[in-house]
S.K.: 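Dropping the structure in here first, questions after.
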Amino acid sequence: MTLCAAGVLAEPLPALRADARQVSVSGLSSGGFMAVQFHVAYSASVMGAGVVAGGPFYCAQNSVDIALNNCMLPDPVRPLPRVEALVAFTEASARAGAVDATAHLQRSRVWLFSGRKDPTVLQPVVSALQRYYLNFIPPSQVMYVNTVDAGHAFPTVNFGSECAFTGTPFIDRCGIDGAGMLLEQIHGRLEAAGAPVDAHLHEFDQREFFDHADAYSHSMHHTGVVYIPASCRAGGCRVHVAFHGCLQNVDAVGDGFVRHAGYNKWAETNRLIVLYPQAIARYGPGFRFWRVSYVVNPKGCWDWWGYDSPNYYRKDGPQMQAVMKMVERLTTR
């Protein structure tokens, strides 16, 4: 699948009268960190999260150095930020209205995954995320899978590289269905997976969800992808947002993530819309549609350390707000 060229209009994201009470998120790596901050910031609207190789909310603290070291490869010299401090910051942010009240998190259900052979985001990072969530969510609602010899990748039953591999397209065949496990943990028992239908994958224009239609300035692709089962055209479906990882957007891996991570087969038989928003790589200064911007994001990651905005973790962060507007469009009646 090739997304529309710049300047070519994709279709608008449709209003599908989806169930606003059944919205969930997940992601790998930077998409995992993004899923956490989206879940925490919009906890009144998001019922749960699946996180592969991600860490606690506000781990990077507006610092790329902390993000790349303390929050991915912690060691005695550059340790992980204290979970207690991140919990306190979350509570303070909620009191200030920057994120939703943390009381909403208590109803959430969460699925966490960390590969024992992940060299990119070490297992103590995901363990810290588990401890973070347990400050807000009952232990019975948090599942943590950390015994698989997986690399830095999204786990599937039989698609992708061998399980311990770390590299493009960051999908590994590990004998476990990550998408199915996280969806069932969040949404409860699912019907058996079906066969995904290529015609149910649609491109949509992401630009309308940004001020001045300027997705590029925020390191976002002008086009995103959504999977819409035929049964969801009549309304009432759930919505799941799947955030790709760094070097895993459509520019980097084509349709690898949106077709093969494993979400669509579950969507087809469980009245589930899957939204695949897309970030892009940026290398500093850029000029698009008479606007100049400067963004350093060479691997096409989601903003979980502040490369786009110091408000990146808040409800009014540009990427956060844009994705929530996409969700609101899908749930519009």
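Not measured: the values here are computed from a predicted model. Computed over heavy atoms, backbone and side chain alike; hydrogens, waters and symmetry mates excluded.
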S.K.: Which heavy atom of Gln185 sits nearest a heavy atom of Met143, and at what distance?
M.R.: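 Looks like OE1-CE, 3.5 Å.
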S.K.: Please tell me if the side chains of Phe210 and Ser217 come closer than 4.5 Å, counting only heavy atoms from C-beta onward.
M.R.: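 No. Closest side-chain heavy atoms not under 4.5 Å.
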S.K.: Under a single-linkage definition using a 4.5 Å side-chain heavy-atom cutoff for Ile, Leu, Val, Met, Phe, Trp and Tyr, are Met326 and Met324 assigned to the same hydrophobic cluster?
M.R.: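 Both belong to a single hydrophobic cluster.
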S.K.: For residues Tyr263 and Val258, determine if any side-chain heavy atom of one lies less than 4.5 Å from a side-chain heavy atom of the other.
M.R.: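 Contact flag for Tyr263/Val258 side chains = no.
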S.K.: Any idea which heavy atoms bring Val296 and Pro298 closest together, and the distance?
M.R.: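 Looking at all heavy atoms of both residues, the shortest contact is C-CD, 3.7 Å.
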S.K.: Pair His152, Ser29 - check side chain to side chain donor-acceptor pair (under 3.5 Å), show working.
M.R.: CA-CA 8 Å; His152 188 68; Ser29 192; 2.9 Å; yes
S.K.: Look up atom CZ in Arg173 and atom CG in Asn158, then write down how far apart they are to the nearest 0.5 Å.
M.R.: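 Those atoms lie 9.0 Å apart.
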S.K.: Count I, L, V, M, F, W, Y as connected when their side-chain heavy atoms are under 4.5 Å apart, and connections chain through other members. Are Ile228 and Val323 then in the same cluster?
M.R.: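 Yes, one cluster joins them.
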S.K.: In a check of side chain to side chain contact (heavy atoms under 4.5 Å, CB included) between Phe113 and each of Val148, Asn146, Val51, which one passes?
M.R.: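 Answer to the side chain to side chain contact (heavy atoms under 4.5 Å, CB included) test with Phe113 among Val148, Asn146, Val51: Val148.
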S.K.: Tell me, with the steps shown, if Asp214 and Arg288 meet salt bridge (Lys or Arg N to Asp or Glu O under 4.0 Å).
M.R.: CA-CA 8 Å; Asp214 189 9; Arg288 186 68 57 86; over 6 Å; no
S.K.: Report the C-alpha distance between Tyr133 and His39 in whole Å, list the side-chain angles of each, state the deciding distance to 0.1 Å, and finish with yes or no for ring pair (Phe, Tyr, Trp, His ring centres under 6.0 Å).
M.R.: CA-CA 11 Å; Tyr133 267 134; His39 177 211; 5.5 Å; yes
S.K.: Are any side-chain N or O atoms of Asp177 and backbone N or O atoms of Val157, one a donor and one an acceptor, separated by less than 3.5 Å?
M.R.: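 No; zero donor-acceptor contacts below 3.5 Å.
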S.K.: Grab the two heavy atoms, one from Met320 and one from Met34, that are nearest each other, plus how far apart they are.
M.R.: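 In terms of heavy atoms, the two residues are closest at SD-CE, 3.9 Å.
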S.K.: Side chains of His240 and Ser26: any donor to acceptor distance under 3.5 Å?
M.R.: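 Per modelled atom types, Ser26 and His240 side chains form a pair under 3.5 Å.
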S.K.: Quick one: does any side-chain atom of Asp149 pair with a main-chain N or O of Lys117 as donor and acceptor, under 3.5 Å?
M.R.: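 A pair under 3.5 Å: no.
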S.K.: Cut-off 3.5 Å, side chains only: do Glu268 and His200 have a donor facing an acceptor?
M.R.: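 Yes.
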S.K.: Where the side chain of Gln61 meets the backbone of Ile66, is there a donor-acceptor pair that is under 3.5 Å apart?
M.R.: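 Not a single qualifying donor-acceptor pair exists.
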S.K.: Which value, rounded to the nearest 0.5 Å, describes the distance between Gln206 atom CD and Thr223 atom OG1?
M.R.: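 Output value for this atom pair is 7.0 Å.
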S.K.: State whether the side chain of Ser309 and the backbone N or O of Gly317 hold a donor-acceptor pair below 3.5 Å, judged by distance alone.
M.R.: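 Not a single qualifying donor-acceptor pair exists.
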S.K.: Could you measure the distance from the CD atom of Gln37 to the OH atom of Tyr42? Nearest 0.5 Å is fine.
M.R.: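 The OH atom of Tyr42 is 10.0 Å from CD of Gln37, to the nearest 0.5 Å.
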S.K.: With a 4.5 Å limit on heavy-atom distance, are the side chains of Pro139 and Leu134 in contact?
M.R.: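 Of all side-chain heavy-atom pairs linking Leu134 with Pro139, at least one is under 4.5 Å.
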S.K.: With the 4.5 Å side-chain cut-off for hydrophobic clustering, are Leu129 and Tyr58 part of the same group?
M.R.: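 Yes, Leu129 connects to Tyr58 through the hydrophobic network.
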S.K.: First locate atom CZ of Phe257, then atom CZ of Phe154, and finally report the distance between them rounded to the nearest 0.5 Å.
M.R.: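 If we round to the nearest 0.5 Å, Phe257:CZ and Phe154:CZ are 6.0 Å apart.
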S.K.: Show your reasoning for whether side-chain contact (heavy atoms from CB on, under 4.5 Å) applies to Lys315 and Gln321.
M.R.: CA-CA 6 Å; Lys315 292 193 292 184; Gln321 197 170 50; over 6 Å; no
S.K.: Quick one: SG on Cys59 to OH on Tyr313, what's the gap to the nearest 0.5 Å?
M.R.: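 Atom-to-atom, Cys59:SG and Tyr313:OH are 14.5 Å apart.
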S.K.: Does atom CD of Gln123 have more than 12 heavy-atom neighbours from other groups under 6.0 Å away?
M.R.: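 Yes, CD of Gln123 has more than 12 neighbouring heavy atoms, counting only those of other groups under 6.0 Å.
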S.K.: With no hydrogens and no angle check, is any side-chain donor or acceptor of Ser24 less than 3.5 Å from a backbone partner on Ala49?
M.R.: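 Not at all, since once roles are kept as given, no pair shorter than 3.5 Å links the two residues.
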S.K.: Measuring only between side-chain heavy atoms, which start at C-beta, is Asn135 closer than 4.5 Å to Val83?
M.R.: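 In contact.
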S.K.: Is there a path of hydrophobic side-chain contacts, each under 4.5 Å between heavy atoms of I/L/V/M/F/W/Y residues, joining Val110 to Phe57?
M.R.: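 Per the 4.5 Å side-chain linkage, Phe57 and Val110 are co-clustered.
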S.K.: Taking side chain as C-beta onward, heavy atoms only, is Arg107 less than 4.5 Å from Met47?
M.R.: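 They are in contact (side-chain heavy atoms under 4.5 Å apart), so the answer is yes.
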S.K.: Is there a side-chain contact between Asp75 and Arg78 (heavy atoms, below 4.5 Å)?
M.R.: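 Yes - at least one pair of side-chain heavy atoms lies under 4.5 Å apart.
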S.K.: Between Ala153 and Val52, which heavy-atom pair has the shortest distance, and what is it?
M.R.: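 Smallest interatomic distance, heavy atoms only, reads O-CG1, 3.6 Å.
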S.K.: Tell me the closest heavy-atom pair linking Met72 and Ala67, and the distance in Å.
M.R.: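 Answer, listing the atom of Met72 first, then Ala67: CG-O, 3.1 Å.
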S.K.: Mark yes or no for whether Gln248, through its side chain, and Pro169, through its backbone, hold a donor-acceptor pair below 3.5 Å.
M.R.: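 Pair found, side chain donor or acceptor close to backbone of Pro169.
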S.K.: Would you please test Leu183 and Trp111 for side-chain contact (heavy atoms from CB on, under 4.5 Å) and show each step?
M.R.: CA-CA 9 Å; Leu183 288 171; Trp111 187 84; over 6 Å; no
S.K.: Ignoring hydrogens and angles, state whether a donor on the side chain of Asn297 or Tyr307 is under 3.5 Å from an acceptor on the partner side chain.
M.R.: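 Short answer, yes.
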S.K.: Looking at NZ of Lys265 and CG of Leu190, how far apart are the two atoms once the value is rounded to the nearest 0.5 Å?
M.R.: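 Rounded to the nearest 0.5 Å, the NZ-CG separation comes to 11.5 Å.
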S.K.: Where do Phe243 and Ser30 land on the side-chain contact (heavy atoms from CB on, under 4.5 Å) test, with the steps shown first?
M.R.: CA-CA 8 Å; Phe243 292 106; Ser30 78; over 6 Å; no
S.K.: Under 3.5 Å, side chain of Arg329 to main-chain N/O of Leu13, donor-acceptor pair present?
M.R.: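 Side chain of Arg329 to backbone of Leu13, a donor-acceptor pair under 3.5 Å: yes, one is there.
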S.K.: Considering only heavy atoms from C-beta outward, does the side chain of Phe136 approach that of Val40 to under 4.5 Å?
M.R.: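 A side-chain contact under 4.5 Å is absent here.
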S.K.: Checking side-chain polar atoms at under 3.5 Å, does Asp255 have a donor or acceptor matched by the opposite partner on Tyr276?
M.R.: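 Side-chain D/A pair, Asp255 to Tyr276: absent.
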S.K.: Within the 4.5 Å heavy-atom criterion, are Cys163 and Pro155 side-chain neighbours or not?
M.R.: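 With C-beta onward as the side chain, the pair stays apart.
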S.K.: So does Met220 get a backbone contact from the side chain of Arg207, meaning a donor-acceptor N/O pair under 3.5 Å?
M.R.: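 Checking the backbone N and O of Met220 against the side chain of Arg207, no donor-acceptor pair under 3.5 Å is found.
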S.K.: Would you kindly check if the NZ (Lys) or CZ (Arg) of Arg282 is within the cone defined by 45 degrees around the ring axis of Tyr216 and under 6.0 Å from the six-membered ring centre?
M.R.: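 Checked: cation-pi criterion met.
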S.K.: Donor-acceptor pair, Trp302 side chain versus His244 backbone, under 3.5 Å?
M.R.: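 A pair under 3.5 Å: yes.
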S.K.: Give a yes or no on whether Val25 and Val126 share a hydrophobic cluster (residues Ile, Leu, Val, Met, Phe, Trp, Tyr; joining criterion: side-chain heavy atoms under 4.5 Å apart).
M.R.: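 No, because Val25 and Val126 fall into different hydrophobic clusters, even though each may have its own neighbours under 4.5 Å.
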S.K.: Please find the pair of heavy atoms, one from Asp65 and one from Asn70, that lie closest to each other, and give the distance.
M.R.: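 The pair with the smallest heavy-atom distance is O-OD1, 4.1 Å.
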S.K.: Using only atom types and a distance under 3.5 Å, with no angle test, would you say the side chain of Arg17 pairs donor to acceptor with the backbone of Ala234?
M.R.: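 Yes, Arg17 side chain to Ala234 backbone: donor-acceptor pair under 3.5 Å.
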S.K.: Flag yes if more than 12 heavy atoms outside Lys299 fall under 6.0 Å of its NZ atom; otherwise flag no.
M.R.: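 No, NZ of Lys299 has 12 or fewer neighbouring heavy atoms, counting only those of other groups under 6.0 Å.
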S.K.: After noting the C-alpha distance and the side-chain angles of Arg314 and Ser93, does the key distance pass the side-chain contact (heavy atoms from CB on, under 4.5 Å) rule?
M.R.: CA-CA 8 Å; Arg314 298 163 51 106; Ser93 298; over 6 Å; no
S.K.: What I want to check is whether the side chains of Asp308 and His218 have a donor and an acceptor closer together than 3.5 Å.
M.R.: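 His218 and Asp308 do have a side-chain donor-acceptor pair below 3.5 Å.
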